[in-house]
Visitor: 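Handing you a structure now.
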Protein chains: 2
Amino acid sequence: MLEDVLGCKWSLHVLQLVRSGICRPGAMERAVPGLTAKVLNERLVKLVRFGVLDKAVFAEVPPRVEYRLTAFGESFVGLLDQIAALESQRSGA
Amino acid sequence: MLEDVLGCKWSLHVLQLVRSGICRPGAMERAVPGLTAKVLNERLVKLVRFGVLDKAVFAEVPPRVEYRLTAFGESFVGLLDQIAALESQRSGA
DNA sequence: CAGTATCCAGACCGATACTG
DNA sequence: CAGTATCGGTCTGGATACTG
């Protein structure tokens, strides 16, 4: 699963975005240069399948969708953060 | 860097191997079906470059090489373990 | 606006052969 | 035995177009 989530360079960005409140596909697409709807969706779907994200669909018009971190997802990105911290600690300090 | 390490499906296996004492290329190749010398080496080199592994070359004949986890590497795999634990906890329980 | 299908190019993996 | 170079197949990402 780690493989699947991190096998794509965008996954981390997506997770980061959701965490910073950018939880709508359109906004994400605009926020990350180079990220296309297709890839974004692939990631989103997988993240949801893995229980990292939750999908909330609002039956409105225009359609609105929001993604949120699940409890599992929170822990998950937390660990990821620790790794990032470890890394910057190594290369930076 | 996370990207680079996990962008390959073998990286985790390699790390796991080193941790379990299988630290020589030949042994690794034999231990993991489907893993070829080329890919193994690519991973090893990158892992060393990132400071996750340490390479020890023995000037013997036949040539012997051993890879070990650095302090950074230890912390790194530790975090990876926590993620794995989190995951099994999620799907298993 | 969200999501999907199609097409194409590029990257990566895997096999083989060769050097030290 | 360790490591590198080359070549070919495959899989994935990226761009475009279309549907709900």
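Residue numbering restarts at 1 for every chain, and letters A, B, ... go by the order of the sequence lines.
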Visitor: Can you tell me how far the CG atom of A:Leu40 sits from the OH atom of A:Tyr67, to the nearest 0.5 Å?
Guide: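 The CG atom of A:Leu40 sits 7.5 Å away from the OH atom of A:Tyr67.
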
Visitor: Can you tell me how far the CD1 atom of A:Ile22 sits from the CE atom of A:Met28, to the nearest 0.5 Å?
Guide: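 Reported to 0.5 Å precision, the distance equals 8.0 Å.
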
Visitor: B:His13 has an atom NE2; how far is it from atom P of C:dC13, in whole Å?
Guide: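 These atoms are roughly 13 Å apart.
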
Visitor: Any protein N or O atoms within reach of nucleotides 1-4 of chain C? Criterion: under 3.5 Å, listing atom names and distances.
Guide:
from: C:dA2; atom 1: OP2; to: A:Gly26; atom 2: N; distance (Å): 2.9
from: C:dG3; atom 1: OP1; to: A:Lys55; atom 2: NZ; distance (Å): 2.6
from: C:dG3; atom 1: OP1; to: A:Tyr67; atom 2: OH; distance (Å): 3.3
from: C:dG3; atom 1: OP2; to: A:Tyr67; atom 2: OH; distance (Å): 3.3
from: C:dT4; atom 1: OP2; to: A:Asn41; atom 2: OD1; distance (Å): 3.3

Visitor: How far does CZ of A:Arg68 sit from SG of A:Cys23, to the nearest 0.5 angstrom?
Guide: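 So the CZ of A:Arg68 and the SG of A:Cys23 are separated by 5.5 Å.
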
Visitor: Can you check whether A:Phe76 reaches A:Leu2 side chain to side chain, under 4.5 Å on heavy atoms?
Guide: yes

Visitor: One thing to verify: whether A:Arg49 and A:Asp4 come together as a salt bridge, which I'm taking to mean a side-chain N less than 4.0 angstrom from a carboxylate O.
Guide: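 Salt bridge flag = no for A:Arg49 with A:Asp4.
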
Visitor: I need the CH2-P distance between B:Trp10 and C:dC13, as an integer number of Å.
Guide: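 My rounded result for the distance is 10 Å.
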
Visitor: What is the distance, rounded to the nearest whole Å, between atom NZ of B:Lys9 and atom P of D:dT10?
Guide: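 In whole Å, D:dT10 P and B:Lys9 NZ are 14 Å from each other.
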
Visitor: For DNA chain D, produce a single dot-bracket line, 5' to 3'. Pairs: Watson-Crick or G-U wobble, both distances under 3.5 Å. Symbols: ( ) within strand, [ ] crossing, | other strand, . unpaired.
Guide: ||||||||||||||||||||

Visitor: Between CE of A:Met1 and CG of B:Leu86, what distance do you get to the nearest 0.5 Å?
Guide: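 Rounded to the nearest 0.5 Å, the CE-CG separation comes to 8.0 Å.
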
Visitor: To the nearest Å, how far apart are B:Leu35 CG and C:dA15 C1'?
Guide: 13 Å

Visitor: Let's see if you can work this out: which of D:dG13, D:dA15, C:dC13 has an atom nearest to the side-chain heavy atoms of B:Cys8?
Guide: C:dC13

Visitor: What's the spacing between A:Glu3 CD and B:Trp10 CH2 if we round to 0.5 Å?
Guide: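 The distance works out to 9.0 Å.
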
Visitor: Over how many whole Å does the gap from B:Glu42 atom CD to C:dC12 atom P extend?
Guide: 9 Å

Visitor: Measure the CG-CD distance between A:Asp81 and A:Glu87 for me, rounded to the nearest 0.5 Å.
Guide: 12.0 Å

